[in-house]
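Presented below is the structure to which this report refers.
Chain letters run A, B, ... following the sequence lines, proteins first, then strands; residues in each count from 1.
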Amino acid sequence: MVRALVTWDALVPETVYGPFAFAVTDEAIRRYAQAVQDRNPIYYDEQAARRAGFPRLVAPPAFAAVLVADLMRRALGDRPPGGIHAGQRFAFRRPVYAGDRLETTARIAAKYERRGHKYVELAMLTLNQEQEPVLAGHIWSIWAR
Amino acid sequence: MTGAVQMVMRALQEGARLPEVVRVITQDDINRYAEASGDANPIHVDEAFARSTALGGTIAHGLACAAFLSEIMVAQAGRAWFEAGVLEIKFVRPVRPGDAIRAHGRITAVEPSDRQDGTRRVRCEVRCTNQEGTDVIVGEASYVEQAGRPLPDTRGAAGRFWAAAARGHLEVQWCDRCQQGIFPPRAVCHRCGNPEVTWREVPGRGTVYSYTVVRRARSPYFQGKEPYVVALVDLDAGGRMMTNLVDVAPDQVRVGMRVSVTYEAVTDQIGLPLFRPEVDA
């Protein structure tokens, strides 16, 4: 099925998206850690995570990138291919664990043109199942022409 | 306890280098990352499409390289990175298959954190650099260092007190005129004004003058250790000392309770005299 592409012109600042649910699994954590070539055993072995003081298998903090990708896909739908990630801010608040049920909301913080590029800035906040913030972030994205 | 209570400073110096990693990124790695992250933008995985763009070929996901920066910050800061890490970066050059990316950085500032609890925010300049020495990601990483136990200032007369405790001795100042101990340490006897104060080891026995039970700690080190007892103990030798009562349930503590000293060794120069219920001989 072909869906219409979301255009930059159609984006309205302050629009809120979500909450989007995301269930964190052991498998997703391991696959992510492998993909970024991080060999720290706390991301693969629950016993190692416990020895390091975590209650369960823990996700690398940069696993937040998975939430960003999920958010972008679900909030902004089908974008024209070839957009570029220009900048990113992450503020980590709590570890993310296997079994967590996360919810991410996002807001279009700004859109602007600079040097011929069309930018969108998204602000995101992710809570865990206890409604505790685990991550706050900003995404600066260049829209594909 | 005497003197200003300060955090013991860890060796976090401006200019100090962070741990680093070097990673080669292949198209296979990029494909694997696309699958693991759910970001299958064709600019990363579709070589024909990518060749048709101004980039002229596929590029790695920016956040895949950002993960290397997060990895070195875990090595630097440990759990503090998970709980109080901030990473803000710009992707300034594309990363192409075959590039060897070095994630590195250095500490630029160590300053009081905004928590007002003695912890410090450590600011670092971080970058990912390719095999040609060109930056591909630049930015800042910062974290609030993990709290250690707040420790006393050992400068001045009080240093002798903490050092004696580190060896398992309770030493207080002594006034020969009053024939009593003096605590906390000071320049003259607070009872008679005698400037000729000396030091002597005294028996570690006393009586609980007052106490409180802490159920919600503000200092991160003590969070999770509640409830615990902070007490004022009148030493038999003279002097009133603020301390913790240990080996006793908070609801068993009474004013007037007899207690004896025990020590928590922290460093070569600092021991903490703590008190527990006196055991009848």
Side-chain angles (χ1 to χ4, degrees), chain A residues 22 27-40 42-43 49 52-54 58-74 79-97 132-142 144-145, chain B residues 21-25 28-44 46 49-50 52-55 59 61-75 77-92 94 101 137-143:
Chain A
F22 189 97
E27 182 51 32
I29 292 173
R30 292 192 185 110
R31 199 170 51 199
Y32 176 83
Q34 273 166 358
V36 297
Q37 308 177 51
D38 192 329
R39 304 274 172 253
N40 192 330
I42 64 175
Y43 309 133
F54 297 100
V58 65
F63 185 81
V66 179
L67 302 172
V68 169
D70 187 62
L71 168 69
M72 295 295 277
R73 195 171 51 244
R74 292 165 77 179
R79 286 164 288 153
I84 300 289
H85 202 154
Q88 179 72 49
R89 176 187 164 91
F90 287 129
F92 306 116
R93 302 277 177 78
R94 278 178 182 74
V96 167
Y97 300 110
E132 299 164 330
V134 296
L135 169 74
H138 276 252
I139 304 152
W140 289 270
S141 194
I142 299 176
R145 276 175 283 198
Chain B
V21 298
V22 179
R23 294 281 152 74
V24 176
I25 299 183
D28 278 352
D29 292 319
I30 297 173
N31 295 345
R32 205 171 295 128
Y33 184 86
E35 196 164 314
S37 71
D39 180 352
N41 184 329
I43 198 70
H44 305 306
D46 183 337
F49 170 83
S52 75
T53 69
L55 288 162
I59 61 170
H61 301 74
L63 283 177
C65 301
F68 306 154
L69 294 175
S70 180
E71 182 182 346
I72 68 174
M73 293 311 296
V74 169
R79 185 151 184 163
W81 182 245
F82 290 76
E83 295 181 344
V86 178
L87 180 67
E88 183 164 335
I89 47 179
K90 282 184 181 166
F91 305 103
V92 293
I101 301 301
I137 300 179
V138 295
E140 189 194 68
S142 73
Y143 62 95

>> Under 4.5 Å from any heavy atom of chain B, what part of A:Phe63 do you find: side chain, backbone, both or neither?
In response: neither
>> Heavy-atom pairs under 4.5 Å with chain A - which of B:Leu55, B:Asp46, B:Val74, B:Leu69 has more of them than the others?
In response: B:Val74
> What distance do A:His85 atom NE2 and B:His61 atom NE2 have between them, rounded to the nearest 0.5 Å?
Replying inline: 11.0 Å
> Any side-chain heavy atom of B:Leu63 sitting closer than 4.5 Å to one from A:Phe90?
Replying inline: yes
> Which bit of B:Asp39 is near chain A, if near means a heavy-atom gap under 4.5 Å: side chain, backbone, both or neither?
Replying inline: both
> Which bit of A:Ala33 is near chain B, if near means a heavy-atom gap under 4.5 Å: side chain, backbone, both or neither?
Replying inline: neither
>> Please identify, among A:Gln88, A:Arg93, A:Arg31, A:Arg94, the residue contributing the most non-hydrogen atom pairs under 4.5 Å to chain B.
In response: A:Gln88
>> Does any backbone or side-chain atom of A:Ile142 lie under 4.5 Å from a heavy atom of chain B? Answer side chain, backbone, both or neither.
In response: neither
>> Angle between ring planes, B:Phe82 versus A:Tyr43, binned at 30° and 60°: parallel, tilted or perpendicular?
In response: tilted
> Considering only heavy atoms, which portion of A:Ala65 lies under 4.5 Å from any heavy atom of chain B: side chain, backbone, both, or neither?
Replying inline: both
>> Can you confirm whether A:Val36 sits close enough to B:Glu71 that some side-chain heavy atom of one is under 4.5 Å from a side-chain heavy atom of the other?
In response: no
> How would you list, by chain and number, every residue that makes a side-chain hydrogen bond (donor to acceptor under 3.5 Å, both in side chains) with B:Arg79, sequence neighbours excluded?
Replying inline: A:Tyr97, B:Glu83
> Shortest non-hydrogen contact from A:Ala69 to B:Gly38?
Replying inline: CB-C, 4.2 Å
> By a 4.5 Å heavy-atom criterion (distance strictly below it), what part of A:Leu67 contacts chain B: side chain, backbone, both, or neither?
Replying inline: neither
>> As an exercise: rank B:Arg23, B:His44, B:Glu140 by heavy-atom pairs under 4.5 Å with chain A and give me the winner.
In response: B:Arg23
> So, for B:Ala36 and A:Ala35, which heavy atoms are closest and what is the spacing to 0.1 Å?
Replying inline: CB-CB, 3.8 Å
>> At a 4.5 Å cut-off on heavy atoms, which part of B:Val24 comes close to chain A: side chain, backbone, both, or neither?
In response: backbone
>> If the contact rule is any heavy atom under 4.5 Å from chain B, which residues of residues 132-140 of chain A qualify, in numerical order?
In response: A:Trp140
>> At a 4.5 Å cut-off on heavy atoms, which part of A:Val96 comes close to chain B: side chain, backbone, both, or neither?
In response: neither
> Hey, which of A:Val66, A:Val68, A:Ile84, A:Asp70 has the most heavy atom pairs under 4.5 Å with chain B?
Replying inline: A:Val66
